[in-house]
2 protein chains.
Amino acid sequence: MAKPALDLLRSRTDEHVLHALMRHRRLTRAELAAEVGISKPTAGESVRRLTERGLLADTGERTPGGRGRGRVGSYYSLAPSVGTALAVSIAPEGVVAEVVDAYGDTVRRAERPVRPDQVASTLRDVVTEAAGPTEAARPAEVAGPVGPAGRGGRPRLAVVSAADPVDRGTGRLVHLPDSPFLVGDLDPMAIVGAYVGGPVVVDNDVNWAARAERENAGDEFAYLFLGRGLGCAIVGAGEVRRGSAGLAGEIAHLLTVGPDRRAVPFVEVFAQLGLRQEGSTAIDVERLLAADESTRQVIGRAVAGVVAAAVTLADPGLIVLGGAWGPALLENIRAAVADLPRPAPVRPATAFAQPALSGARADAVERLRATVVAGA
Amino acid sequence: MAKPALDLLRSRTDEHVLHALMRHRRLTRAELAAEVGISKPTAGESVRRLTERGLLADTGERTPGGRGRGRVGSYYSLAPSVGTALAVSIAPEGVVAEVVDAYGDTVRRAERPVRPDQVASTLRDVVTEAAGPTEAARPAEVAGPVGPAGRGGRPRLAVVSAADPVDRGTGRLVHLPDSPFLVGDLDPMAIVGAYVGGPVVVDNDVNWAARAERENAGDEFAYLFLGRGLGCAIVGAGEVRRGSAGLAGEIAHLLTVGPDRRAVPFVEVFAQLGLRQEGSTAIDVERLLAADESTRQVIGRAVAGVVAAAVTLADPGLIVLGGAWGPALLENIRAAVADLPRPAPVRPATAFAQPALSGARADAVERLRATVVAGA
DNA sequence: AATTCTAGTAAGGGCTCTTGCCTGGAAAGC
DNA sequence: GCTTTCCAGGCAAGAGCCCTTACTAGAATT
């Protein structure tokens with residue numbers, strides 16, 4: 001019924017209003033007009049439309065006396081029904097689930113250690129604690145307004161970080177040759193999907209950690225994750241490059257320089273140095289950090305070999321080191337990289353505390369906002 | 001004076017009209033309305049505005065009798081003044097310059113062989129032949145409508161392909177360690193810039209060849225250029241990934257498997273096999289193509305080593321082989337790639353004749369169209 | 001109590017786009 | 001040769017969105 005061309009203008013105005021409220025939490029109509037750059041009547045119309053659609057709500061708050069001496073204004077903000085998103089991190093160290101809102105605030109959080117054979121059930125427990133029971137498990141008891149924090153029922157979407165390679169098509173964790181397989185076979189998309197009303201995005205922890213680094217490292221860099229597992233993420237034009245199946249950056253098998261200067265797969269270097277954990281393909285971080293200088297030099301050269309390949313194929317302007325032991329060996333890696341035919345600046349990561357979760361959270365907020373703005 | 005919000009609608013309509021005319025060459029107002037999905041009055045208004053701005057012109061043609069029996073319509077098309085773009089290819093085999101219009105047609109073309117020590121002057125000659133003299137060299141004689149084909153004077157922009165690594169910042173050709181340096185030190189941006197009225201984009205031939213392959217190879221693939229020089233381009237999400245300085249894919253120095261199975265830089269493999277040209281870092285393609293089966297297997301394994309690195313870091317879904325000898329060794333390379341821990345499908349390139357020029361031409365047309373639509 | 005300042009509303013106008021109708025002229029059919 | 005059919009193009013009317021201007025309401029200041 002409405003004209004498609006004019007719809008565009010109107011929806012553009014509404015989008016700007018929503019974005020302004022995501023940034024500023026609460027605004028009066030007059031403030032909205034100034035912030036978005038539209039006239040007061042237009043702002044008022046947009047607020048009316050969005051309130052009707054249930055996306056905005058009068059907070060009941062009024063402009064405080066202190067500010068001006070004129071008429072009081074009504075503060076509007078996003079309606080609680082715009083909902084929340086779920087960010088989940090699955091790592092050998094533990095499982096974390098966070099419920100975030102469109103402002104980027106964490107409204108609920110649950111965390112638990114994990115035993116290798118109980119990843120799936122721990123994941124279910126943690127998500128239940130943060131996001132409430134699945135749809136199937138709760139129809140009877142909950143009928144009132146909604147969950148604990150009054151911030152809507154089920155999250156509208158989920159973003160999951162897993163500490164193993166993820167097949168982008170299926171969302172399942174896959175076992176690649178010679179890679180440590182830390183979490184094990186798991187289908188996070190199916191498990192988490194039961195708790196949310198919309199899509200579930202799954203990717204490996206390294207890619208999310210790189211995304212978290214984006215704010216401080218610019219638009220073109222490579223993120224080397226050096227911890228129990230080994231990974232790499234290439235960020236180009238501000239986006240993490242995942243490749244056709246999402247397996248870009250699984251560098252465990254990449255050829256590099258070994259202890260005796262011969263070419264070996266990256267992960268094999270740690271086997272030859274005796275730094276792999278008993279009965280596992282994972283690296284023993286504690287012993288690695290305690291290693292002597294010559295061992296550190298060997299590792300630095302091996303990492304530099306990986307850097308050389310990344311520089312050759314992707315030409316990142318910067319190498320960022322993350323993971324449990326990457327930043328600790330910064331100087332050894334820097335020295336070895338400086339000897340390469342095409343050196344590159346090397347820097348430690350700036351996001352230390354749960355970088356993968358930070359990246360997943362940021363992506364969850366971004367997707368939630370896009371969902372809200374898109375209309376549903 | 002006009003309202004910014006309504007400007008948006010109007011310009012959107014005008015852009016659609018321009019794009020429709022780029023696809024269909026000539027259309028009546030009524031055809032435009034149907035094609036763009038707007039009403040006849042709106043189409044008529046847009047044509048009036050665009051004609052006023054000099055972007056559209058009545059061709060003088062009228063609807064042919066055969067088509068319908070109603071009133072004759074007036075055909076409109078892009079005005080000649082929207083101008084042309086220049087696509088240039090600089091390779092050891094020769095220099096080519098083409099002038100293309102917004103329809104993607106080549107309106108003039110010049111080609112010449114090149115001697116290593118005369119690249120700059122040959123380049124100048126070829127561009128002069130295709131695009132006319134530089135601004136400085138012609139003020140007096142030309143005052144009439146314009147150049148030879150009546151298709152506007154100087155090209156509005158240029159896209160240059162050079163068969164050597166290109167620094168994206170400066171546009172200059174750079175010499176990387178162990179890479180063949182075929183064209184030599186040159187500043188195409190400065191030379192070609194004198195002939196065009198706008199920006200000059202310079203990139204290496206491999207990236208342009210990969211762009212030409214995009215139509216047939218999808219959005220995620222790696223293009224291996226195996227000819228006198230060695231190069232690689234990673235295409236992700238439909239875009240050629242150039243990296244921070246534009247040096248992504250300069251694989252000559254990448255470690256791979258050598259003749260004796262030891263790790264050596266890619267280009268070194270050909271030195272060890274005695275397949276480099278006398279006194280040069282370039283590969284002797286003729287002798288390579290005449291090599292025996294065991295040599296071909298060695299080369300196949302070496303290429304597979306490069307593929308392994310590309311698969312590891314970029315996860316392309318497909319490997320495309322181009323260059324003078326790449327497709328010829330398809331079976332050897334396929335066999336070696338099949339033995340990798342993470343194999344990938346390998347295919348020969350589909351663009352054979354001057355693939356780099358094809359890609360540069362396509363980019364020149366796209367940029368010219370964007371320039372026209374953007375308004376100037 | 002008067003003044004001052006601000007949030008919000010109302011009215012009017014400009015612009016774009018749409019629908020519907022009219023016109024002129026060429027081809028098709030008698 | 002005349003009439004009918006058909007269609008490009010133009011005009012008129014109307015709707016929607018946004019903007020500007022002007023006004024009202026209400027609270028703090030003076």
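Every chain is numbered from 1 and lettered A, B, ... according to where its sequence line falls, protein lines coming before strand lines.
Look at T42(B) and you won't find any side-chain N or O under 4.0 angstrom from OP1 or OP2 of dT16(C). For dC17(C), one of the phosphate oxygens OP1 or OP2 lies less than 4.0 angstrom from a side-chain nitrogen or oxygen of T13(B). Checking the phosphate oxygens (OP1, OP2) of dG9(D), a side-chain nitrogen or oxygen of T28(B) falls inside 4.0 Å.
Each of dC18(D), dT9(C), dA8(D) was ranked by its minimum atom distance to the side chain of K40(B); first place goes to dA8(D). Listed nucleotides: dC17(D), dC19(D), dG8(C). Nearest to the side chain of R71(A): dG8(C). Ranking dG9(D), dT19(C), dC18(D) by closeness to the P41(B) side chain, first place goes to dT19(C). When each of dT18(C), dT20(D), dC21(C) is scored by its nearest atom to the side-chain atoms of S39(B), the top-ranked nucleotide is dT18(C). For V72(B), counting side-chain heavy atoms from C-beta on, the closest listed nucleotide (dA26(C), dC18(D), dT20(D)) is dA26(C).
In this structure, CG of D58(A) is placed 9 Å from P of dG8(C), rounded to the nearest angstrom. In this structure, R49(A) atom CZ and dC18(D) atom C1' are separated by 10 Å, rounded to whole Å. For the pair R29(B) CZ and dG10(D) P, the computed distance is 4 Å after rounding to whole Å. Remark: P of dC17(D) and CD of E15(A) are 15 Å apart, rounded to the nearest angstrom. In this structure, Y75(B) places its OH atom 9 Å from P of dA8(D), rounding to the nearest Å. Atom CG in L32(B) sits about 12 Å away from atom C1' in dA8(D), given to the nearest Å. For the pair D7(B) CG and dG14(C) P, the computed distance is 17 Å after rounding to whole Å. If you take CZ of R48(A) and P of dA10(C), they are 12 Å apart, rounded to a whole angstrom.
Because its NZ or CZ atom is not both nearer than 6.0 Å to the ring centre of W208(A) and within 45° of the ring axis, R214(A) does not count as a cation-pi partner of that residue.
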Subject >> V196(B) and L157(B): CA distance, side-chain angles, deciding distance, side-chain contact (heavy atoms from CB on, under 4.5 Å) verdict >> reply: CA-CA 6 Å; V196(B) 298; L157(B) 58 92; 5.7 Å; no

Original post:
Do R12(B) and E15(B) pass the salt bridge (charged side-chain N to carboxylate O under 4.0 Å, His left out) test, and can you show the C-alpha distance, the side-chain angles, and the key distance before you say yes or no?
Top reply: CA-CA 5 Å; R12(B) 218 179 68 111; E15(B) 284 171 23; over 6 Å; no

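For Y76(B) and G37(A), each mapped to the nucleotide of DNA chain D holding its nearest heavy atom, the one lying further toward the 5' end belongs to Y76(B). Both I38(A) and A30(B) sit near DNA chain D, but only A30(B) has its closest nucleotide nearer the 5' end.
Electrostatic pairing of E366(A) and R369(A) does not count as a salt bridge here, judged by no charged N lying under 4.0 Å from a carboxylate O.
Among the atoms of the strands shown, base atoms are found under 4.0 Å from some heavy atom of L6(B).
With hydrogens and angles left out, the side-chain atoms of D14(A) and S46(A) include a donor and acceptor closer than 3.5 Å.
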